[in-house]
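Structure first, then comments.
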Amino acid sequence: MNPFNRDPRSSPPSKRRWSIARRFFITSFVLIVAQSGISLAISGALWKNFTSRFLGSVLSRQILSPLNLVDNKLDLLSAQEAMECCTKDDYRNFLAGINLADGKAVMISGSAGLVAGKGAQALYDSGRLREFARLATESQNRFALVDFRSDDAVAVKSVNLSGGSETGSLIYIRPIYSMSLFNALSRARLISEIVLMLSLVVLLAVALTYILRPLRSVRSRISKVQLNNLDTALIPLDGQPLELQPILMEFNRMVSRLEISAQNQKQFASTISHEFRTPLTVISGFIQSVLNRADNLDVNYRESLLIADKEAFRLNRMLSDLLDLSRADNNQLKVLREPFDCLLSCHEAIRLTQFAFPDNRIIFSDASHVDPLMAIGDPDCLVKCLENLIGNAVKYSEKSSTINVHINGDDRCIYFNVQDHGQGIPLDQCDLIFERFQRAEGVSLRRGDSSSGLGLSIVKMLMESMGGSVEVQSEVGVGSCFTLTLQRSDV
Ligand code: ADP
């Protein structure tokens with residue numbers, strides 16, 4: 001396969017090239033995801049830090065008053081009482097005076113044992129209180145958040161009693177009723193981050209489509225360029241993005257060079273076909289007259305003359321193809337667009353090709369069941385197109401193979417199918433073969449046959465001039481079916 005003419009979509013998936021748009025999109029997508037991940041991690045860490053510091057300091061402040069109360073009471077103890085310091089009841093007494101508003105709880109843990117204020121007892125059982133005390137005293141800053149993802153979230157702060165570790169710790173416990181709100185907020189923030197990220201991705205895709213629009217329009221213009229319409233191939237630079245302009249300038253220069261070369265080529269073909277035609281007709285005429293008049297011609301000479309006549313005929317046909325194409329290029333080709341009986345043309349084409357290829361069976365079938373079957377176009381052109389297709393069907397199939405010609409119609413169109421059971425055409429070549437001088441890769445000629453690569457381009461040009469079309473369906477090793485379509489005139 002030609003590496004300069006490869007369809008990127010036809011490459012195997014593992015070797016698929018990455019388009020600029022894809023690279024840009026994936027890179028931006030990765031960056032957005034990474035950025036969102038990092039910002040989520042940072043804000044998560046900040047939030048955690050903030051809550052722990054904030055709650056920790058609030059609790060420290062709140063704990064001061066109960067702590068002072070305890071200290072004051074300890075100060076009031078007599079020396080004897082202090083030595084026995086402190087019984088559970090003492091601590092219970094200390095705590096009794098502490099106002100536990102808003103569901104806060106205070107307790108004393110450590111050597112004093114578990115001594116809880118009223119509020120604490122009401123809110124939490126002693127097992128949980130012990131657990132809170134342990135968590136707070138063991139954790140960093142003597143502060144702990146318990147069950148902070150649920151509605152039962154609790155903040156705990158522990159402070160050493162003035163008697164030291166011997167005495168124990170004052171544990172201050174505070175339910176955080178707004179924790180579920182906190183969590184809902186952080187969930188909302190996570191969702192909004194994700195929504196933002198997705199919207200950015202969508203925005204990116206839309207922006208990319210917009211950015212690549214000029215490239216697409218240039219591509220679609222370039223894809224429509226054909227050798228015979230090069231004058232429409234020049235792309236105006238106005239309004240094109242700056243980056244594209246140098247490329248387009250080069251493209252336009254290339255088109256101009258191509259135009260000149262195509263013009264020369266057409267001129268050459270036209271001159272050749274005109275100049276060669278007359279001498280060739282003379283040669284053919286002489287060969288024919290010798291063949292017709294010389295009765296006692298040596299068999300070998302006759303054989304040679306027959307070959308010369310066949311080759312002259314072939315050359316003549318090629319010249320007439322070239323002439324048709326050059327006339328079409330110069331808008332001088334006269335193709336009728338009027339009602340005609342296409343069945344007659346069909347029979348004529350089959351008669352001529354059956355005569356030219358006596359070894360092959362050309363089977364005709366008509367599913368339209370309308371006689372006359374009127375189409376719009378030029379009868380001679382239809383004969384020429386059918387002759388071409390049947391000739392190809394014979395040329396690219398086994399010797400003596402059968403060719404089917406089938407007519408069908410619907411309300412608007414008439415379809416002429418020429419079907420063979422020959423070599424078939426690779427799918428990627430099916431459009432290419434309608435271009436001038438193009439032959440399908442992988443399709444071989446039989447010995448003695450010749451090929452110019454002009455036949456199908458003439459069929460296409462003639463069909464389009466009649467307002468019709470030509471298509472092919474083919475499978476390698478199974479065969480090909482070419483379909484000519486013309487408009488009906490009897491509807
Ligand atoms: P030519 O037959 O003179 O080469 P055409 O324009 O008629 O030129 O055909 C172009 C190419 O299309 C051929 O060279 C051949 O490779 C392919 N082709 C046309 N008709 C058939 C067919 N019936 N079966 C297989 N290949 C075909």
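Basis for what follows: all heavy atoms, side chains included, without hydrogens, waters or symmetry-related copies. Counting starts at 1 for both ligands and their atoms, in listed order.
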For ligand 1, which is the ligand I care about here, please tell me if [X] has any N or O atom under 3.5 Å from one of the ligand's N or O atoms.
X: Ser457; value: no
X: Val443; value: no
X: Asp420; value: yes
X: Asn388; value: no

Which ligand 1 atoms does Gln438 reach within 4.0 Å, using its non-hydrogen atoms?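 By the 4.0 Å cutoff, the relevant atoms are 10 (C), 11 (C).
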**Q.** Numbered atoms of ligand 1 (with element) below 4.0 Å of Leu454, judged on heavy atoms
**A.**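 Those of ligand 1 that fall under 4.0 Å from Leu454 are 6 (O), 8 (O).
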- Can you figure out which of Ala393, Gly453, Gly455, Gly424 has its heavy atom closest to atom 1 (P) of ligand 1?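 Shortest heavy-atom distance from atom 1 (P) of ligand 1: Gly453.
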Just to confirm my output: which protein heavy-atom neighbour is closest to [atom], and how far is it?
atom: atom 7 (O) of ligand 1; answer: Asn392 ND2, 2.8 Å
atom: atom 26 (N) of ligand 1; answer: Ile425 CG1, 3.4 Å
atom: atom 4 (O) of ligand 1; answer: Ser451 OG, 2.6 Å
atom: atom 6 (O) of ligand 1; answer: Leu456 N, 2.7 Å
atom: atom 3 (O) of ligand 1; answer: Ser452 N, 2.9 Å

Please step through side-chain contact (heavy atoms from CB on, under 4.5 Å) for the pair Gln240 and Val218, ending with a clear verdict.
CA-CA 9 Å; Gln240 297 289 1; Val218 166; 4.2 Å; yes
Give the contacting part of [X] toward ligand 1: side chain, backbone, both or neither, where contact means a heavy-atom distance below 4.0 Å.
X: Phe434; result: neither
X: Ser480; result: side chain
X: Lys395; result: side chain
X: Val459; result: neither

What's the verdict on salt bridge (charged side-chain N to carboxylate O under 4.0 Å, His left out) for Glu250 and Arg253, showing C-alpha distance, side-chain angles and the deciding distance? CA-CA 5 Å; Glu250 281 309 319; Arg253 277 196 206 118; 2.6 Å; yes
Notebook entry, point to check: Is the number of heavy atoms from other residues, nucleotides or ligands under 6.0 Å of Gln473 CD greater than 12?
Noted result: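 Open.
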Within-4.5 Å side-chain heavy-atom neighbours: Met463 and Thr485: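 Of all side-chain heavy-atom pairs linking Thr485 with Met463, none is under 4.5 Å.
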Pairs touching residues 356-384 that satisfy salt bridge (Lys or Arg N to Asp or Glu O under 4.0 Å), sequence neighbours left out: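 Residue pairs with at least one partner in residues 356-384: Asp324-Lys384.
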Practice prompt. Could you note down all residue pairs passing salt bridge (Lys or Arg N to Asp or Glu O under 4.0 Å) where residues 394-409 supplies at least one of them, sequence neighbours left out?
Written response: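 The answer is none; no pair qualifies.
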